[in-house]
Amino acid sequence: MLAGAPQNQEIWRVRAGRFRIVYQIEQERLLVLVLRVGDRKEVYRRLQQRKPGPTE
């Protein structure tokens, strides 16, 4: 689980070379949401700027 994520969300990450894939799993709907893919230096900074949508 990603440290610093909002308390009501379980956000995960996976490493692929110098890139990071940040995702969230909605188990009740069997859905994987890819939130961000990018260079490791930028992906977390931009994730913090992300504003919750209407379903969050």
Side-chain angles (χ1 to χ4, degrees):
M1 192 158 56
L2 186 63
Q7 291 181 355
N8 60 345
Q9 296 180 2
E10 289 187 11
I11 297 178
W12 302 87
R13 69 176 178 208
V14 65
R15 209 168 49 181
R18 61 179 244 208
F19 292 96
R20 299 296 183 267
I21 303 165
V22 181
Y23 63 97
Q24 183 176 19
I25 300 171
E26 291 187 9
Q27 296 202 16
E28 58 277 349
R29 296 191 322 180
L30 298 175
L31 181 68
V32 176
L33 300 169
V34 176
L35 304 176
R36 182 78 55 196
V37 176
D39 186 87
R40 67 180 182 87
K41 294 179 181 179
E42 296 294 322
V43 73
Y44 303 118
R45 189 172 314 142
R46 291 186 181 178
L47 184 66
Q48 291 174 350
Q49 295 171 357
R50 184 175 162 263
K51 295 182 181 177
T55 58
E56 296 180 301

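Below, all heavy atoms of this structure are taken into account, side chains as well, without hydrogens, waters or symmetry copies. Numbers here simply count residues along the sequence, with the first being 1.
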Worksheet entry | From L35 atom CG to I11 atom CD1, the distance as rounded to the nearest 0.5 Å | 5.5 Å
Fill in: Within one Ile-Leu-Val-Met-Phe-Trp-Tyr cluster: L33 and L30, side-chain cutoff 4.5 Å
no
Item to complete: Return the set of residues passing side-chain hydrogen bond (donor to acceptor under 3.5 Å, both in side chains) with R18 (not counting sequence neighbours), or none when no residue passes.
Response: D39
Practice prompt. Report whether V14 and V37 are members of the same hydrophobic cluster (ILVMFWY, side-chain heavy atoms less than 4.5 Å apart, transitive linking).
Written response: yes
Fill in: Chi angles and distances behind the side-chain contact (heavy atoms from CB on, under 4.5 Å) call for V43, V22
CA-CA 8 Å; V43 73; V22 181; 3.9 Å; yes
Response to the item:
Value for CZ (R36) from CZ (R20), rounded to nearest 0.5 Å, stands at 15.0 Å
Worksheet entry | Over all atoms of both residues, closest heavy-atom pair of Y23 and V32 | CD1-CG1, 4.0 Å
Worksheet item: Would you call Q24 and E10 a side-chain contact if the rule is heavy atoms closer than 4.5 Å?
Response: no
